Number of protein chains: 2
Amino acid sequence: MQSESEQSSVVLGLQRAAHRTVHALGEALTHLGLTAAEINALANLADDRQRTVAELSAAVGAKSSTLTGILDRLERRDLVRRQPHPTDRRAFLVVLTEPGGRAADEIWRAITDLEHRLLAGLPATTLTGFRTVLNAVSTEDTR
Amino acid sequence: MQSESEQSSVVLGLQRAAHRTVHALGEALTHLGLTAAEINALANLADDRQRTVAELSAAVGAKSSTLTGILDRLERRDLVRRQPHPTDRRAFLVVLTEPGGRAADEIWRAITDLEHRLLAGLPATTLTGFRTVLNAVSTEDTR
DNA sequence: TATTGTTATACTCTATAACTATA
DNA sequence: TATAGTTATAGAGTATAACAATA
């Protein structure tokens with residue numbers, strides 16, 4: 001049933017699936033005019049609404065120097081703001097603006113919708129297994 | 001047990017896990033001096049050893065115009081070659097050269113090693129569930 | 001007419017290293 | 001001395017549109 005490919009590698013499959021979801025998300029959110037990295041950053045701000053650059057950097061898996069450009073563009077569009085950190089004057093708190101919060105909410109809705117569509121009909125135990133592996137991969141020390 | 005984060009979103013978790021494996025793979029293969037996209041392309045050539053540009057494009061999830069640059073660099077380093085397609089004179093067959101084949105084999109070994117390390121100790125049923133979801137995500141029509 | 005792949009263009013992402021300002 | 005973040009730099013990925021050759 002799987003045509004000719006065994007979809008043998010978990011790593012390659014992971015790559016492909018991630019690519020797929022990024023594309024799908026981008027398409028669902030074209031009207032926002034955001035890149036994948038920008039969507040990712042906003043999605044990661046959506047919950048607690050604020051992070052230092054270093055925290056966000058760890059969350060999205062990019063160097064802080066990379067984040068600088070992404071945040072510049074988001075800030076220019078008034079979706080985030082860089083606030084002085086209350087206790088560390090070297091650091092910034094990246095916070096969602098009001099329109100940024102709306103965008104982040106919409107991103108979350110799109111993510112949730114996508115997940116429902118992708119995972120509909122799969123048994124709960126299968127999903128649990130999936131999350132378990134996902135956590136193992138994200139958490140494990142790969143060295 | 002999962003600290004504070006429920007790792008709530010499958011999509012975001014997928015992103016993070018994919019990022020993780022790309023990094024880990026890159027580190028395991030630094031001596032090859034290849035980028036993630038180049039590794040991905042070679043990995044996708046590793047099995048049948050040849051693909052048209054369009055096929056490879058679908059496999060790696062990039063536009064053919066993107067692939068042009070990647071293939072240019074791989075060809076310049078004598079890792080792949082563009083051969084005339086036997087029956088369609090518009091198309092090219094991307095084939096591994098002999099050193100390219102060695103690189104691809106090494107990439108496969110690295111991928112396999114990584115998978116063993118990441119997935120060691122997880123029950124088989126969990127892994128089966130994981131692959132099922134991965135296939136669903138990669139295959140499903142996301143529109 | 002439609003398709004294969006390249007070219008041209010314009011941005012975005014990416015990492016590294018050097019730098020400023022704090023700590 | 002070490003850390004947070006930016007800047008400078010340079011390369012690589014990305015998509016779109018236009019194009020040539022072929023189907």
Side-chain angles (χ1 to χ4, degrees), chain A residues 15-16 18-20 22-27 29-30 32-42 44 50-77 79-95, chain B residues 15 18-20 22-27 29-30 32-44 50-77 79-95:
Chain A
Q15 234 66 262
R16 205 160 325 185
H19 226 126
R20 247 349 252 286
V22 165
H23 275 205
L25 222 46
E27 270 168 39
L29 295 168
T30 33
L32 292 180
L34 296 167
T35 66
E38 289 164 350
I39 289 173
N40 196 14
L42 289 177
N44 274 287
Q50 59 178 241
R51 298 272 165 90
T52 64
V53 173
E55 284 163 353
L56 195 53
S57 162
V60 305
K63 297 283 185 244
S64 51
S65 59
T66 301
L67 220 44
T68 298
I70 296 169
L71 293 176
D72 283 350
R73 283 182 287 276
L74 289 175
E75 197 162 33
R76 199 181 312 140
R77 296 176 57 175
L79 295 173
V80 306
R81 226 176 9 243
R82 279 183 258 226
Q83 278 182 1
H85 191 284
T87 62
D88 187 340
R89 285 164 57 194
R90 295 169 304 180
F92 287 118
L93 239 31
V94 181
V95 305
Chain B
Q15 234 65 261
H19 225 126
R20 245 350 252 284
V22 166
H23 275 205
L25 222 46
E27 271 168 40
L29 296 167
T30 34
L32 293 181
L34 296 167
T35 66
E38 289 164 351
I39 289 173
N40 197 13
L42 289 177
N44 275 286
Q50 61 178 243
R51 298 271 166 89
T52 65
V53 173
E55 284 164 352
L56 196 53
S57 163
V60 305
K63 296 282 185 245
S64 52
S65 58
T66 301
L67 219 46
T68 298
I70 296 169
L71 293 177
D72 283 350
R73 284 183 285 278
L74 288 175
E75 197 161 32
R76 199 181 312 140
R77 295 177 58 176
L79 296 173
V80 306
R81 228 180 2 245
R82 279 183 259 224
Q83 278 180 1
H85 190 285
T87 62
D88 186 340
R89 283 164 57 194
R90 296 169 303 180
F92 286 118
L93 238 31
V94 182
V95 305

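Sequence lines set the chain letters: A, B, ... in the order given, protein chains first and strands last, and positions in each chain run from 1. On a predicted model such as this, the values are computed, not experimentally measured, just so you know.
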Heavy-atom side-chain proximity of A:T52 to A:D88 below 4.5 angstrom: no
Spacing of B:Q83 atom CD relative to C:dT4 atom C1', expressed in whole Å: 17 Å
Rounded distance (Å) that lies between atom P of C:dG5 and atom CZ of B:R51: 13 Å
What's A:S57 touching, base or sugar-phosphate or nothing? Going by heavy atoms closer than 4.0 Å. nothing
Could one point to a donor on the side chain of A:S65 or the base of C:dT16 with an acceptor on the other under 3.5 Å away? yes
The side chain of B:R90 is closest to which nucleotide in this list: C:dT14, C:dT7, C:dT4? C:dT4
Of A:H23 and A:S64, the one whose closest nucleotide on DNA chain D sits nearer the 5' end is A:S64
Do you know which two heavy atoms are closest between B:R51 and B:N44, and how far apart they sit? NH1-O, 3.1 Å
d(NZ, A:K63; C1', D:dA8) in whole Å: 18 Å
What does B:I70 touch in the nucleic acid at a heavy-atom separation under 4.0 angstrom: a base, only the sugar-phosphate, or nothing? sugar-phosphate
A:L56, A:V95, A:L42 screened by side-chain contact (heavy atoms from CB on, under 4.5 Å) with A:V80, the one that passes: A:L42
If you look at every strand shown and take non-hydrogen atoms under 4.0 Å, does A:A36 touch a base, only sugar-phosphate, or nothing? nothing
For B:A37 against B:I70, the heavy-atom pair lying closest together: CB-CD1, 3.8 Å
Spacing of A:F92 atom CZ relative to D:dT3 atom C1', expressed in whole Å: 14 Å
Quick check: on DNA chain C, is the nucleotide nearest B:A91 upstream (toward 5') of the one nearest A:T66, or the reverse? Name the residue that is more 5'. B:A91
To the nearest Å, give me how far apart CG (B:L71) and P (C:dT4) are. 16 Å
Calculate the interatomic distance between B:E38 atom CD and D:dG11 atom C1'; express it in whole Å. 11 Å
Can you tell me whether the side chain of B:R89 and the base of D:dT22 have a donor-acceptor pair closer than 3.5 Å? no
Could you tell me the separation between the CG atom of A:N40 and the P atom of C:dT12, rounded to a whole number of Å? 17 Å
For A:R82 and D:dG5, is the shortest distance between a side-chain N/O and OP1 or OP2 below 4.0 Å? no
What is the minimum heavy-atom distance between A:L67 and A:V53, and which atoms define it? CD2-O, 3.5 Å
So A:T35, base contact, sugar-phosphate only, or nothing? Heavy-atom distance under 4.0 Å. sugar-phosphate
Take the protein atom CG of B:L67 and the nucleotide atom C1' of C:dT4, then report the distance between them rounded to whole Å. 13 Å
Minimum-distance nucleotide (side-chain atoms of B:D88 versus D:dA15, C:dT12, D:dT22): D:dT22
